[in-house]
Amino acid sequence: MWMKIQSARGTRDFYPEDMAFRQWLVERWREASRRAGFVEVDGPELESLELYTDKSGPEIAEQLYWLEDKSGRKLALRPEFTPTLARMIAARQAALPEPIRWFNVSRCFRYERAQKGRLREFFQWNIDLVGVEGEIGDAECISIAVDALKNVGLTPADVQVKVNDRRLLGALVRHLGIAEERVPQVFAILDKRAKVPPEALAVMLAEAGLESAQREGLERILAWQGLGDIEARELATSEIHAAVEALNRLFAHLEHYGIAEWCRFDIGIVRGLAYYTGPVWEVHDLKGEFRAIFGGGRYDRLLGDMGGKAMPACGFGCGDVVLGLLLEERGLRPAAEPAADCFVLREKPDWPEMLKAVRFLRGMGLRTQFDLKEGRLKRQHEKALESGARFKVILGEAPWPRARIIDSRAAADGAMKERVADLAPDDPEALKNLKVFLGVGAS
RNA sequence: GUGGGCGUAGCUCAGUUGGUUAGAGCAUCGGGUUGUGGUCCCGAGGGUCGGGGGUUCGAAUCCCCUCGUCCACCCCA
């Protein structure tokens with residue numbers, strides 16, 4: 001009866017191939033993080049529900065998993081890492097040297113309808129850079145994201161970082177005469193522009209109370225292909241001027257990071273979240289088949305709003321689901337590594353001898369398998385082949401400790417390398433030779 | 001949460017207008033063959049056809065509910 005129970009909606013089982021891929025992906029994330037000198041942190045998967053409702057309002061409880069513990073405390077499975085980060089920083093901020101360079105890989109949960117690329121349980125990589133005010137901080141974050149993209153085998157022909165700045169968009173919207181209190185609503189509508197036909201967008205903007213001149217102005221702005229398209233008359237206000245200069249500084253940094261070809265300005269990038277205060281960016285696949293792979297930006301007020309000292313901050317998040325789908329689709333998902341380096345075989349069963357060999361090989365740090373099911377030699381050869389182990393160690397052809405070792409990796413001339421040697425030799429020279437043959441670092 | 005498509009073996013899928021004990025390939029397990037082996041041959045296990053209810057002499061097939069999945073909406077930290 002237990003086998004009738006399916007995995008819960010929106011969750012995944014990770015069989016060995018899936019687990020290998022997940023760990024490979026997480027390792028690529030960690031490499032990119034560490035290359036930039038970031039350190040890993042983590043917090044609990046269970047957090048007080050208030051941590052999320054205080055920030056986003058009680059409605060947010062509908063969109064996450066929460067429960068009451070045996071004492072009646074309301075706890076939530078974390079839907080993201082940022083609130084935890086804010087809490088951790090607030091608790092120690094006096095002692096943390098700035099800038100804070102932290103990264104995190106967390107299992108997160110969201111209670112929402114599962115769809116392709118969007119599950120209820122997923123893994124998310126977060127980079128947070130706290131204490132850096134200038135565009136160099138945003139550029140640093142983007143460069144780490146691009147490093148990770150390269151690290152998994154993607155190229156600018158596959159994906160692109162689309163960069164915008166909320167201050168620019170906000171200044172332009174205000175310049176069109178749109179009331180300040182309407183700006184969040186207008187942002188929310190603009191955020192949908194890629195998913196909705198232009199006519200529908202116009203209707204939504206009209207319903208938001210925008211006059212036709214304002215709608216036309218927005219359409220003109222959204223048609224911009226680059227910063228160079230910004231017409232002189234749009235630069236009328238100092239606010240717009242300053243925002244454009246900030247973006248120019250950001251792009252200059254990206255140029256010097258050597259990643260300009262990965263990045264482009266896109267006035268349409270808004271991000272759904274209200275807390276972004278400056279540059280915002282997303283990574284999308286060029287074909288537009290998938291939803292955003294990365295989302296990031298600057299959130300200078302978040303830490304202060306969460307009860308800590310106000311500190312400038314920027315960062316991004318990247319989930320495993322969409323990135324995994326993209327890599328799968330592009331054929332970039334790597335094959336799992338073999339689980340063994342050595343496979344020990346012996347025709348006549350002789351466990352003491354077999355286990356002496358196994359202990360010796362494992363003692364050298366070699367991942368070693370043998371046939372636990374006592375198959376005949378032919379079957380053992382098949383299992384050795386299936387294991388993917390590089391070395392076959394064949395016992396019993398000569399008296400212990402003599403073994404024949406076959407290196408399945410072809411030599412330069414294409415021949416199989418093979419040698420007969422004593423296992424666990426006392427002679428240091430023989431041991432050294434054996435280690436060289438088995439590719440074990442001398443020690 | 002709303003609407004729609006799809007659920008047959010571990011995987012990819014057959015299964016005629018409703019008609020005997022539901023099939024194939026791959027995979028798994030076992031046996032045999034083959035000259036350091038991934039070949040070939042033989043065999044086996046595995047499905048209450050996602051689950052439950054209904055219609056019918058009879059349901060994988062038709063109807064309802066439910067679970068899962070995919071798509072669109074809502075939302076997207």
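Chain letters run A, B, ... following the sequence lines, proteins first and then strands; every chain starts at 1. Every heavy atom of this structure was used, including side-chain atoms; hydrogens, water molecules and symmetry mates were not. All figures in this text were calculated on a predicted structure; none of them were measured in a lab.
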### Message
Expressed as a whole number of angstroms, how long is the span from A:Ile189:CD1 to B:C74:C1'?
### Response
15 Å
### Message
Rounding to an integer number of Å, can you tell me how far A:Glu382 CD sits from B:G31 P?
### Response
11 Å
### Message
Rounding to an integer number of angstrom, what distance separates B:C67 and B:A24 when you compare their P atoms?
### Response
35 Å
### Task
Give the ring-plane orientation class for A:Phe265 versus A:Phe251, where under 30° counts as parallel, over 60° as perpendicular and anything between as tilted.
perpendicular
### Query
B:C6 and B:C62: how far apart are their P atoms, nearest whole angstrom?
10 Å
### Message
Please determine whether a side-chain nitrogen or oxygen atom of A:Arg113 lies at a distance below 4.0 Å from atom OP1 or OP2 of B:C75.
### Response
no
### Query
Contact class for A:Glu397 (heavy atom, under 4.0 Å): base, sugar-phosphate, or nothing?
base
### Task
Give A:Arg78 one of three labels, base, sugar-phosphate or nothing, depending on what nucleic acid heavy atoms sit under 4.0 Å from its own.
nothing
### Task
Using the P atom as the reference point in each nucleotide, state the distance between B:G47 and B:G23 in Å, no decimals.
14 Å
### Rounded P spacing from B:G5 to B:U66 in Å
15 Å
### Query
Can a donor-acceptor pair be found between the side chains of A:Glu140 and A:Tyr257 at a distance below 3.5 Å?
yes
### Query
Between B:G32 and A:Arg379, is there an OP1 or OP2 to side-chain N/O distance shorter than 4.0 Å?
no
### Message
If I pick the C1' atom on B:G15 and the same atom on B:G53, what distance separates them, to the nearest angstrom?
### Response
25 Å
### side-chain N/O A:Gln115 vs B:A72 OP1/OP2, d < 4.0 Å
yes
### Task
Using the C1' atom on both, measure B:U56 against B:G19 and round to a whole Å.
12 Å
